[in-house]
Amino acid sequence: MQEFKPVKEGKVREIYDIGENLVIVATDRISCFDVILNNKVKKKGTVLTQMSKFWFDMTRDILPNHMISVEVKDMPEFFQQEKFDGNSMLCKKLEMLPVECIVRGYITGSGWASYKENGTVCGIKLPEGLKESDKLAEPIYTPSTKAELGDHDENISFEQSVEYLEKRYPGKGREYAEKMRDYTIALYKKCAEYALVHGIIIADTKFEFGLDKEGNLVLGDEMLTPDSSRFWPLEGYEPGHGQPSFDKQFARDWLKANPGNDWTLPQDILEKTIGKYLQGYELLTGRPLR
């Protein structure tokens, strides 16, 4: 049996090159504040992979994505073992474009901090009088550069994203930037509308795109997971303050409240964290995680 080693490891994911395609494995690692914690969160990787699959399937009518299969039987024999079952995705190889496509439908997080300071989010002027967690009249697109592991992404304006892409793809910068923006907003609108009917507000999220062999734009990476998005429960939603969320906020809050934690979470916080991930998955897909 041929053994495979990851060609790239992120904070949570491992990427294996299997020749024609890739296998992307979402591990049970958890990172907060750009640090990988000492704990594993059991089943988290499976939630991330299956959630991405759910959205990839739903949005094929908008544009193609890189997913081929999440069944280990479709992967080389090496991946047909328990630790890869459910959390691995066989994907087409893409040349990933160096811009993270962030879309915000509600004002929160760093966007809220910026708005309080000068009435803008990433240079986009917003109406006066917005409250924290308010829904925006229209979703806004706020791209950022993609940093290497350990560095921070940097917010850029749409025009800067055109220049940034033009340097790397002469003659194509504006075309790629416009397509990424338009697809990002179309994907967000379709999925946010669906989620709302199922009791979840998608406050913001990020997408990543790449080029296939023919030069077509394809959706890559992960899609609308609790790691790449802010999910809020619709029940109890009330602008004017921060909202509870279906993600690792529990873990972040505990780490902030307990300095000297050595980046290790207690068992009850781990259980609450995976509980939130599973609850979000079930609400959105209408079925428990197998």
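Bear in mind the structure is a predicted one, so any value in this text is a computation, not a measurement.
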What residues, two or more places apart in sequence or in another chain, satisfy salt bridge (charged side-chain N to carboxylate O under 4.0 Å, His left out) together with Lys125? none

Salt bridge or not for Arg168 and Glu166, using N-O below 4.0 Å? no

Are Glu193 and Lys189 close enough for a salt bridge, meaning some N to O gap below 4.0 Å? no

Qualifying residues under salt bridge (charged side-chain N to carboxylate O under 4.0 Å, His left out), relative to Lys256, sequence neighbours excluded: none

Non-neighbouring partners of Phe79 that pass ring pair (Phe, Tyr, Trp, His ring centres under 6.0 Å), sequence neighbours left out: Phe4, Tyr16, Phe84

I'd like to know if Asp28 pairs up with Lys43 as an ion pair, taking the criterion as any Lys NZ or Arg NE/NH1/NH2 lying under 4.0 Å from an Asp or Glu carboxylate oxygen. no

Salt bridge (charged side-chain N to carboxylate O under 4.0 Å, His left out): pairs with one or both residues in residues 259-284, sequence neighbours excluded: none

Going by the salt bridge (charged side-chain N to carboxylate O under 4.0 Å, His left out) test, which pairs reach into residues 237-252, not counting sequence neighbours? none

Among all residues two or more places apart in sequence or in another chain, which pass the side chain to side chain donor-acceptor pair (under 3.5 Å) test with Lys131? none

What residues, two or more places apart in sequence or in another chain, satisfy ring pair (Phe, Tyr, Trp, His ring centres under 6.0 Å) together with Tyr183? none

Restricting to salt bridge (charged side-chain N to carboxylate O under 4.0 Å, His left out), what partner residues turn up for Glu82, sequence neighbours left out? none

Pairing residues for Tyr194 by the ring pair (Phe, Tyr, Trp, His ring centres under 6.0 Å) criterion, not counting sequence neighbours: Phe54, Trp55, His198

With sequence neighbours excluded, residues passing salt bridge (charged side-chain N to carboxylate O under 4.0 Å, His left out) with Glu71: none

Any salt bridge between Glu20 and Lys213, counting N to O under 4.0 Å? yes

Contacts of type ring pair (Phe, Tyr, Trp, His ring centres under 6.0 Å), residue Phe250, not counting sequence neighbours: none

Within a radius of less than 6.0 Å around CD of Gln81, do more than 12 heavy atoms belonging to other residues, nucleotides or ligands occur? yes

Which residue pairs satisfy the side-chain hydrogen bond (donor to acceptor under 3.5 Å, both in side chains) criterion with at least one member in residues 87-106, sequence neighbours excluded? Asp17-Lys93, Glu95-Tyr169, Arg104-Thr142

With a 3.5 Å cut-off and no angle check, do the side chains of Glu222 and Thr225 form a donor-acceptor pair? yes

